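What follows is one structure encoded as C-alpha cells, with my remarks underneath.
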Amino acid sequence: MYIYGDMTQEELDREYSPSSCVPQFSAHLTRYATDSDRAREILDHRLDVRYGPGAAELLDFYPPRRPQAPLFVFVHGGHWQEMNKEASAFAAPDLVEQGAGFIAVGYGLAPDHGIGSMVTSIRRALGWIASHAAELGTRRDLLFAGGSSAGAHLVAMALCAAAEEPWDVSGTVLLSGVYDLEPVRLSYVNDKVRMDGSAAAANSPIHHLPLATAKVIVARGAAETAEYARQHVDFVNALAHRGLRPVDLTVAGRDHFDLPFDLGRRGTALGDAVLTQMGL
C-alpha cells in the first residue's frame, strides 16, 4: 500500500526516523545530557524559571558575562514526545564563551499535549523572554531563537504565528527541521503526536510564511534521510519565494543528532554562521 508519494508505510516510517542514518545516535543523546550537566557545573545559571502557567512551561537561563549581550533561546527536539530542557544546555558553554547568554526552553510533550499547544508554549516563552530582556542581561532587539528537529519546527511555527505580536526575534536558526507535517501525520511518529489533517495543515510552517524575522539559518547534517533533506530544500525555497535570503547549510560530517553541538563553536560551518548572525 502506498502512503505518501510513492513510499510504502515502512519506507515512510524509516524516512521520519533520523536514527536510521545514525547507528551511534544513542551516544549523541547521552552526550546531550552529560554536556548539559557540565554546563551547569561551570556556568552561572537560574533553573526552572516559569514563563507560563503550564506545568512544563519553564526555562533554564545561563546569563551572559557582559550586559546587553545577545541571547540565544534553544528549543529541543525529540519528535514532539521526548527530550527535555535539562539535556538541552550542551551549547551553553560555547555561546557564553563567545559573548552570548543562553536559554533552554521546556514545553509539554505528546501525547499529553498537542502540536498547537506546543507552538503556543514556544510563542509564550519568546514573549516572556522579550518582556524580561533587561532582567536577562540583553535587549529586545538582541534575541535569537533556534531549535533542532521538532524544536526547529516549533520555533519556525511560532515565528510564523508571531507577526502581530508586540515583540521580535532578530534571527533564527533551524536545524534538521520538519516544515510540512502532513507526511509526519502519516508516519509512525503520529502514534503519540496524534495530529489529524487539520492540525497538520494548521501547524506546518511552510504554509504560513513569512517568518517574523529577516535573518534565518536553515541547516542540516549531510547524513539525513531523503525526506529530511527534501523538507530542508523545500523550506529554503519557500523562504526565498517570500523574498528572504536564508543561510542554507548542509554540513559535511554532521548528522541529525551531532549538528547541534556546533551551535556556538567557532571554526565550524554552523557555529560561524550563528555567531555572525548574532554579531559576535
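This is a predicted model, so every value here is computed, not measured.
Across all their heavy atoms, Arg14 and Ser20 have their closest contact at O-OG, 3.3 Å. Looking at every heavy atom in both residues, Gln81 comes nearest to Val189 through NE2-O, 3.5 Å. Among all heavy-atom pairs drawn from Leu71 and Phe102, the shortest one is CD1-N, 3.5 Å. The minimum heavy-atom distance between Cys160 and Leu209, with the atom names listed, is SG-CD2, 4.0 Å. In this structure, Leu12 and Pro183 approach most closely via the heavy-atom pair CD2-O, 3.7 Å. Considering every non-hydrogen atom in both Ala252 and Ala222, the closest pair reads CA-CB, 4.0 Å.
The distance from the OG1 atom of Thr268 to the CZ atom of Phe261 is 13.0 Å, given to the nearest 0.5 Å. Atom-to-atom distance recorded for Asp60:CG and Leu47:CG is 4.5 Å, nearest 0.5 angstrom. Atom NE2 of His76 sits about 11.5 Å away from atom OH of Tyr32, to the nearest 0.5 Å. Distance OG1/Thr120 to NE2/His113: 12.0 Å, rounded to 0.5 Å. To the nearest 0.5 Å, atom CE of residue Met195 and atom CD1 of residue Ile115 are 5.0 Å apart. Here the NE2 atom belonging to His28 is positioned 10.5 Å from the CG atom belonging to Leu259, to the nearest 0.5 angstrom.
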Step-by-step side-chain contact (heavy atoms from CB on, under 4.5 Å) determination, Leu95 to Leu275: CA-CA 8 Å; Leu95 284 162; Leu275 296 173; 4.3 Å; yes

message: Could you go through Leu270 and Leu175, starting from their C-alpha distance and side-chain angles, then the distance that decides it, and tell me whether this counts as side-chain contact (heavy atoms from CB on, under 4.5 Å)?
response: CA-CA 10 Å; Leu270 176 61; Leu175 309 181; 3.8 Å; yes

message: Using the rule given for side-chain contact (heavy atoms from CB on, under 4.5 Å), can you reason through Leu174 versus Ile217, listing the C-alpha separation, both sets of side-chain angles and the distance that settles it, and then say yes or no?
response: CA-CA 6 Å; Leu174 307 174; Ile217 297 168; over 6 Å; no

- request: Take Thr172 and Leu159 through the side-chain contact (heavy atoms from CB on, under 4.5 Å) test and state the conclusion after the steps.
  value: CA-CA 9 Å; Thr172 188; Leu159 294 179; 3.7 Å; yes

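Neither Ile206 nor Val247 shares a network with the other; the hydrophobic side chains, linked directly or stepwise wherever heavy atoms of I, L, V, M, F, W or Y lie under 4.5 Å apart, form separate groups for each. Phe72 and Leu43 fall within the same hydrophobic cluster, defined by Ile, Leu, Val, Met, Phe, Trp and Tyr side-chain heavy atoms under 4.5 Å apart, directly or through other members. Linking ILVMFWY residues whenever their side-chain heavy atoms come closer than 4.5 Å, directly or via other members, leaves Met83 and Val119 in distinct clusters. One hydrophobic cluster holds both Leu143 and Val105 under the rule that ILVMFWY side chains link at heavy-atom gaps under 4.5 Å. Cluster membership for Tyr179 and Ile122, using ILVMFWY side-chain heavy atoms within less than 4.5 angstrom, is shared.
In this structure, the side chains of Val184 and Val193 stay at 4.5 Å or more apart for every pair of heavy atoms. Looking only at side-chain heavy atoms (C-beta outward), Asp141 and Gln68 stay at 4.5 Å or farther from each other. Looking at Val173 and Gln277, their side chains come closer than 4.5 Å, going by heavy atoms from C-beta outward. Residues Ser148 and Phe257 are not in side-chain contact: their nearest non-hydrogen atoms beyond the backbone lie 4.5 Å or more apart. The closest side-chain heavy-atom distance from Leu239 to Val216 is below 4.5 Å. A heavy-atom distance below 4.5 Å is found between the side chains of Val274 and Met278. You'll find the side chain of Tyr228 reaches within 4.5 Å of the side chain of Val178, heavy atoms only. Residues Arg40 and Asp37 form a side-chain contact, since some pair of their non-hydrogen atoms from C-beta on lies under 4.5 Å apart.
Between the side chains of Gln231 and Tyr16, at least one donor-acceptor pair of N or O atoms lies under 3.5 Å. Checking Glu57 against Tyr107 by side-chain atom types alone, no donor-acceptor pair falls below 3.5 Å. Side-chain contact annotation: Asp94 with Gln98, donor-acceptor N/O pair under 3.5 Å absent. Between the side chains of Ser176 and Glu224, a donor-acceptor pair is found at a separation under 3.5 Å. With 3.5 Å as the limit, one finds a donor-acceptor pair spanning the side chains of His256 and Ser149.
In this structure, Asp272 contributes its side chain and Gly267 its backbone to a donor-acceptor pair below 3.5 Å. No donor-acceptor distance shorter than 3.5 angstrom exists from the side chain of Asp13 to the backbone of Glu10, with no hydrogens or angles considered. Between the side chain of Ser204 and the main chain of Ala200, a donor-acceptor pair closer than 3.5 Å is present. In this structure, the side chain of His207 does not engage the main chain of Ala202 through any donor-acceptor pair within 3.5 Å. No side-chain donor-acceptor contact under 3.5 Å links Asp258 to the backbone of Arg254. A donor-acceptor pair under 3.5 Å is absent between the side-chain atoms of Ser19 and the main chain of Val22, judged by distance alone. Without hydrogens or angle criteria, Thr30 side chain to Ser26 main chain gives a donor-acceptor distance under 3.5 Å. Formation of a donor-acceptor pair under 3.5 Å by the Ser88 side chain with backbone atoms of Ala104 is not found in this model. His132 places a side-chain N or O within 3.5 Å of a backbone atom of Trp128 that can act as its donor or acceptor partner. A side-chain donor-acceptor contact under 3.5 Å links Arg50 to the backbone of Gly54.
Aromatic rings from Phe90 and Phe74 are positioned such that their centres are separated by under 6.0 Å. For an aromatic pair to be called close, the ring centres must be under 6.0 Å apart, and His153 with Trp80 satisfies this.
For Glu82, the salt bridge (charged side-chain N to carboxylate O under 4.0 Å, His left out) test picks out no residue, with sequence neighbours left out. Applying the salt bridge (charged side-chain N to carboxylate O under 4.0 Å, His left out) test to Arg220 and every residue at least two apart in sequence or in another chain returns nothing. Partners of Glu15 according to the salt bridge (charged side-chain N to carboxylate O under 4.0 Å, His left out) rule, which considers only residues two or more places apart in sequence or in another chain, do not exist here.
Using a 4.0 Å cut-off between a side-chain N of Lys or Arg and a carboxylate O of Asp or Glu, Glu97 and Arg266 do not qualify as a salt bridge. By the 4.0 Å N-to-carboxylate-O rule, Asp35 lies too far from Arg38 to be salt-bridged with it.
Around atom CZ of Arg245, no more than 12 heavy atoms belonging to other residues, nucleotides or ligands sit under 6.0 Å away. Other residues, nucleotides and ligands contribute more than 12 heavy atoms inside 6.0 Å of the CG atom of Asp48.
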